[in-house]
Protein chains: 2
Amino acid sequence: MKRKMTLKNIARELGVSISTVSKALKNSNEIGAETIERVQAFAKLYNYRPNNLAISLKNKRTNNIGVIIPDIVHYFFTTVFRGIEQYSKKHGYNVIACVTDESLEREVVNMEMLANGSVDGFIMALSAETQKKNHFDHLKRINELEIPLVLFDRVTDEIECDKVLINDREAAYNAVMKFIENGRRKIALITTEDYFSVSQGREAGYRQALESFGLPVDEALILKLPFMDLDEILINTFFDSQDIDAVLCVNEIFAIHSMNLVQKKGVNVPEEMEFIGFTDGILSKYAKPGLTSMAQHGFQMGEIAAKMLIDRIQSGLSEKEEPCRTEIIESTLIERESTINAIPVL
Amino acid sequence: MKRKMTLKNIARELGVSISTVSKALKNSNEIGAETIERVQAFAKLYNYRPNNLAISLKNKRTNNIGVIIPDIVHYFFTTVFRGIEQYSKKHGYNVIACVTDESLEREVVNMEMLANGSVDGFIMALSAETQKKNHFDHLKRINELEIPLVLFDRVTDEIECDKVLINDREAAYNAVMKFIENGRRKIALITTEDYFSVSQGREAGYRQALESFGLPVDEALILKLPFMDLDEILINTFFDSQDIDAVLCVNEIFAIHSMNLVQKKGVNVPEEMEFIGFTDGILSKYAKPGLTSMAQHGFQMGEIAAKMLIDRIQSGLSEKEEPCRTEIIESTLIERESTINAIPVL
DNA sequence: TTGTAAGCGTTATCAG
DNA sequence: CTGATAACGCTTACAA
């Protein structure tokens with residue numbers, strides 16, 4: 001085992017005290033020029049690097065941030081993660097990544113693990129189970145410990161903290177309006193079960209758009225799929241039993257999958273039926289036809305979440321002292337060939 | 001700022017010594033049953049949690065592992081990451097994730113940052129630039145510090161360490177054989193520039209298969225695209241100027257993109273031209289037609305890489321004491337509609 | 001200009 | 001059974 005260079009070692013070798021070495025390495029003006037030189041030369045020669053742990057313990061700050069996400073094999077979260085990581089790195093923070101796999105328990109365990117000195121703050125999107133069970137004790141504990149927390153995308157009103165969201169309601173509203181402008185009237189919604197904050201918002205926007213245009217909301221045109229379960233029979237039955245000319249889906253997979261299924265039945269997209277999805281991911285771009293999609297700008301969300309967190313960490317002000325903010329990211333409709341009148345975008 | 005519970009605090013409140021508290025919390029049999037109970041009750045009441053940093057400093061182990069990858073918005077790396085994270089978590093390790101964006105400098109900076117006490121070991125795939133420039137001083141330094149390192153997928157022979165790979169050569173060989181069995185003879189290869197270890201292996205397998213079947217290798221049928229650059233003109237020209245009936249692509253994007261382009265020209269896939277890609281990602285599954293693909297089993301690679309690393313960390317044996325191993329993950333051909341005779345798989 | 005000493009929160013050794 | 005004490009590697013008053 002190679003002996004690691006430490007201040008103590010350098011001090012011993014050079015016959016000076018530890019604090020002299022420490023100061024010399026920092027170019028402190030308390031130390032003589034000659035000593036500084038000697039110390040720095042020696043340190044460089046032996047490749048001295050200060051031990052992060054010791055510094056963290058001393059300063060009570062780790063320069064790590066914990067990112068807790070439900071899923072990493074998923075375009076949107078991946079993109080947000082990228083934004084967080086990039087911003088954080090640029091500001092001297094490392095990212096500890098935890099994946100909860102949509103499980104409340106994993107969320108709790110991961111946070112507990114990191115909350116005891118491993119990170120200076122958290123950025124997270126709630127797991128499906130957490131949203132379903134409405135169980136937030138672990139987040140309350142983080143709050144009590146006054147560890148800064150930023151929630152993004154999947155959030156809850158139960159916890160007072162900084163948040164970054166997209167304008168789900170408005171985005172869905174705009175998507176439906178796009179259909180209406182295109183002359184569609186039998187507009188379906190394919191969404192998840194109710195407990196997701198984002199799905200709630202998107203459904204609200206869907207209803208609002210129809211109502212504001214004087215169209216009745218036909219509950220039979222709303223299909224609620226069990227989370228991430230692509231039950232083909234359910235989807236096929238839905239399309240067989242309803243008269244539909246446009247479909248808004250709350251995520252990309254639902255959109256691509258149902259679009260493929262109706263095409264297999266011989267339905268022409270977009271002529272007979274238009275599709276709009278959420279999350280402008282890689283699938284939307286390469287689908288046939290290209291899927292018109294509400295882009296969520298995940299990278300930007302990540303950057304903003306990281307900025308909010310790091311600002312709060314560095315200000316040292318708790319949620320009580322400095323009021324919490326909620327940033328809304330405007331989503332953008334990327335038009336492709338699954339809607340008409342579209343200028344194709346690659 | 002909430003005062004954090006520490007051993008010292010507990011000791012003061014309870015009028016005992018710090019070491020008594022420490023031992024009591026560990027149910028040490030040096031301590032009286034009654035004291036143990038008192039201490040534990042108090043600790044629980046005030047939600048005492050030991051400080052990870054202090055423990056790490058003391059033990060000289062962090063229970064963190066550093067994962068350095070070129071890109072996270074990318075199915076294969078994401079999947080590997082997932083495997084690493086899951087295995088690590090199960091074995092008590094957290095994952096610090098760094099994305100290099102294919103840059104050597106970012107790779108160097110990230111490793112330097114983590115090498116000074118933040119992690120017990122590294123798992124990484126080399127960045128494009130690192131492979132291109134063949135610059136490995138940063139890895140040699142890690143070796144000198146005797147910090148365990150596992151390379152996966154994008155590796156180099158210059159560094160002696162544990163490695164996890166797929167059988168690139170054999171996989172490409174098998175893919176080409178599949179084409180040959182299907183009666184194809186004008187088999188093209190679309191690959192990256194030469195410096196990637198994986199592309200080299202795949203190209204070798206491609207050549208080997210043709211040769212072993214007595215087919216000449218026509219260099220004009222090998223298209224080398226600049227890394228991740230989807231230059232449509234280049235691809236179109238390639239297909240226009242060559243007579244091709246099957247295409248092997250070293251990654252999923254190249255495959256999907258060129259398949260889309262030839263289809264746009266009116267080429268029938270798979271009747272007139274077959275396609276096989278690498279990385280069985282989400283695009284392959286949802287493409288039209290579904291893309292036959294060599295699955296790289298990223299999750300398993302991640303698990304194995306994590307296991308190799310953690311085993312080495314826990315054994316405490318350096319690369320010199322315990323010889324390095326290279327694990328090969330067999331890739332599997334997932335047949336879809338872009339090749340003939342395929343039993344479609346969803 | 002340099003050194004001493006206390007402290008960050010633990011653990012471990014050794015006396016009492 | 002309990003408690004000093006030193007140590008992990010570093011920072012920072014404060015003394016010299």
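We name chains A, B, ... by the order of the sequence lines, and we start the count at 1 in each one.
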Side chain of B:Lys58 - closest among D:dT2, C:dC8, C:dT10: C:dT10
Can a side chain N or O of B:Lys26 be found less than 4.0 Å away from OP1 or OP2 on C:dT11? yes
Can you tell me how far C1' of D:dC10 sits from CG of A:Asn63, to the nearest Å? 15 Å
Would you please classify the geometry between the B:Phe81 ring and the A:Phe81 ring as parallel, tilted or perpendicular, with 30° and 60° separating the classes? tilted
Interatomic distance, A:Arg12 CZ vs D:dC10 P [rounded to whole Å]: 13 Å
Determine the interplanar angle of the B:His74 and B:Phe76 rings, folded into 0 to 90°, and report it as parallel if under 30°, tilted if 30 to 60°, perpendicular if over 60°. perpendicular
Considering heavy-atom distances to DNA chain D, does A:Tyr48 or B:Asn29 have its closest nucleotide positioned more toward the 5' end? B:Asn29
For A:Glu85 and A:Ser88, which I'm curious about, is there any donor-acceptor pair between the side chains at under 3.5 Å? no
Nearest heavy atom decides the nucleotide; on that basis, is A:Ile36 or A:Asn59 closer to the 5' end of DNA chain C? A:Ile36
How many Å lie between NZ on B:Lys60 and C1' on D:dA7, as a whole number? 10 Å
Go through D:dG9, D:dC14, D:dC10 for me and flag the one nearest to the A:Glu30 side chain. D:dC14
May I ask you to say what A:Lys23 touches in the nucleic acid, namely base, sugar-phosphate or nothing, with a heavy-atom cut-off under 4.0 Å? base
Using a distance-only test with no angle check, is there a side-chain donor-acceptor pair under 3.5 angstrom linking A:Ser197 and A:Gln131? yes
When all nucleic acid strands are considered with a 4.0 Å heavy-atom cut-off, which category describes A:Ser56: base, sugar-phosphate, or nothing? nothing
Are the side chains of A:Gln86 and B:Val99 in touch, meaning some heavy atoms are under 4.5 Å apart? no
Measure CG/B:Asn52 against C1'/C:dC8 and give the value in whole Å, please. 14 Å
Any idea which of C:dT4, D:dA4, D:dG9 is nearest the A:Ala54 side chain? D:dG9
N/O donor-acceptor pair, side chain A:Ser19 with base C:dT4, under 3.5 angstrom: yes
Applying a 4.0 Å non-hydrogen cut-off, can you work out what A:Ile55 is touching in the nucleic acid: base, sugar-phosphate, or nothing? sugar-phosphate
Expressed in angstrom and rounded to an integer, what is the separation of B:Asn116 atom CG from D:dC8 atom C1'? 16 Å
Which nucleotide, D:dA4, D:dC8, C:dT10, lies nearest any side-chain atom of A:Lys8? D:dC8
Rounded to whole angstroms, how far apart are CG on A:Asn27 and P on C:dT1? 14 Å
Side-chain N,O (B:Ser17) to OP1/OP2 (D:dG3) below 4.0 Å: yes
Quick one: which of D:dT11, C:dT11, C:dG9 gets closest to the side chain of A:Ser22? D:dT11
Is the shortest side-chain heavy-atom distance between B:Asp153 and B:Leu165 below 4.5 Å? no
Pick base, sugar-phosphate or nothing for A:Arg61, based on heavy-atom distances below 4.0 Å to the nucleic acid. nothing
Report the distance from atom CG of A:Leu25 to atom C1' of D:dC10, rounded to the nearest whole Å. 11 Å
Separation of D:dA7 atom C1' from A:Leu7 atom CG, nearest Å, is 15 Å
